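For reference, the structure discussed in these notes is given below.
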Amino acid sequence: MISNEELMIKAKEVSDMAYCPYSEFPVGACALFESGKYYIGCNIENSSYGLALCAERNAISNAIASGEKTRLIKIAIYSPKSSQCFPCGACRQWIQEFSQGYNAEIILEDDKQGINIYYIDDILPYSFKLV
Ligand code: THU
């Protein structure tokens, strides 16, 4: 299984592909599923600013469009512009949706300490669920 460090390297690599001429805030994400497969995504902006797509949702969309049926277990997120680039609220809800009750790991890099791990249940408490 790919390591947390390797997931972070993939997130860094794909952050270079970000299309972010408006914010100039590149983000990359690499999502690992129970199948052992991982999927990358970067943020993609638009001149109609509200249409920006976050890196995390792009990575998860890539997984779903690739036919991934297992649960999301980890996601590494990186921005060269931020120490510990936490996912936005919408992306937290997406991470919860596709981890299907598994307490998915959020892998972030701190400028000083290196990799830190957080859990979706901690960063999205009292969340909306249909069941
Ligand atoms: N962004 C992400 O890609 N992920 C997040 O979780 C938060 C924000 C992007 C959206 C936009 O292109 C840029 O970062 C600045 O908000």
Side-chain angles (χ1 to χ4, degrees):
M1 192 76 86
I2 188 168
S3 68
N4 292 346
E5 289 73 19
E6 288 169 315
L7 286 172
M8 183 55 71
I9 288 168
K10 301 284 177 198
K12 284 184 183 177
E13 285 172 354
V14 70
S15 73
D16 277 343
M17 309 304 162
Y19 175 73
C20 53
Y22 307 103
S23 72
E24 297 184 344
F25 190 92
V27 185
C30 186
L32 177 66
F33 285 70
E34 278 178 320
S35 61
K37 294 182 189 157
Y38 63 82
Y39 304 86
I40 55 172
C42 58
N43 54 331
I44 304 174
E45 297 183 345
N46 193 277
S47 59
S48 178
Y49 298 164
L51 299 181
L53 173 62
C54 290
E56 300 91 318
R57 281 179 284 155
N58 190 7
I60 294 169
S61 298
N62 191 7
I64 300 309
S66 299
E68 182 59 62
K69 303 292 185 210
T70 69
R71 294 185 294 185
L72 169 64
I73 54 173
K74 297 180 178 191
I75 185 164
I77 308 165
Y78 176 80
S79 174
K81 292 284 185 76
S82 168
S83 176
Q84 298 205 105
C85 184
F86 279 93
C88 76
C91 289
R92 292 176 196 208
Q93 189 74 27
W94 268 55
I95 292 165
Q96 182 208 65
E97 180 78 22
F98 292 98
S99 50
Q100 296 282 337
Y102 180 85
N103 195 7
E105 293 177 30
I106 315 298
I107 301 164
L108 305 180
E109 191 172 88
D110 185 291
D111 275 351
K112 298 178 184 71
Q113 297 166 29
I115 284 179
N116 290 324
I117 297 176
Y118 298 86
Y119 292 89
I120 191 65
D121 288 352
D122 293 331
I123 68 166
L124 188 68
Y126 305 107
S127 60
F128 176 76
K129 294 182 183 95
L130 275 179
V131 285

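All values derive from a computational prediction rather than experimental measurement. Values below: all heavy atoms of this structure, side chains included; hydrogens, waters and symmetry mates excluded. Every number for a ligand or one of its atoms is a count from 1 in the order of the listing. Counting begins at 1 with the first residue of the sequence.
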Ligand 1 and Cys88, any nitrogen or oxygen pair closer than 3.5 angstrom? yes
For ligand 1, which atoms have a heavy atom of Pro87 less than 4.0 angstrom away? 6 (O)
Looking at Lys37, I'd like to know if its NZ atom is crowded, meaning that more than 12 non-hydrogen atoms belonging to other residues, nucleotides or ligands lie closer than 6.0 Å. no
Apply side chain to side chain contact (heavy atoms under 4.5 Å, CB included) to Ser15 and Lys81, showing your working. CA-CA 11 Å; Ser15 73; Lys81 292 284 185 76; over 6 Å; no
Atoms of ligand 1 less than 4.0 Å from Ser23 heavy atoms? 13 (C), 15 (C)
For atom 8 (C) of ligand 1, what's the nearest protein heavy-atom neighbour? Residue, atom name and distance, please. Cys54 SG, 3.9 Å
Glu45 neighbourhood, listing ligand 1 atoms whose heavy-atom distance to it stays under 4.0 Å: 11 (C), 12 (O), 13 (C)
Between Tyr38 and Glu6: side-chain donor-acceptor atoms closer than 3.5 Å: no
Least distance between heavy atoms, Ile120 atom then Ile106 atom: N-CG1, 4.2 Å
Going by the order shown, which atoms of ligand 1 are within less than 4.0 Å of some heavy atom of Glu56? 2 (C), 3 (O), 4 (N), 5 (C), 6 (O)
Given the protein's heavy atoms, is any one of them under 4.0 Å from atom 16 (O) of ligand 1? no
According to a hydrophobic-cluster definition based on side-chain heavy atoms being under 4.5 Å apart (Ile, Leu, Val, Met, Phe, Trp, Tyr only), do Met17 and Tyr78 belong together? no
Please write down residue, atom name and distance for the protein heavy atom closest to atom 9 (C) of ligand 1. Asn43 ND2, 3.5 Å
Identity of the nearest option to atom 3 (O) of ligand 1, non-hydrogen atoms only, from Pro21, Ala55, Gly28: Ala55
Step through it carefully: locate the ring centre of Phe33, locate the ring centre of Phe98, and say whether they are under 6.0 Å apart. no
Is Leu7 reachable from Ile73 through a run of hydrophobic residues whose side-chain heavy atoms are each under 4.5 Å from the next? yes
If you measure from each heavy atom of Cys20 to ligand 1, is any distance below 4.0 Å? no
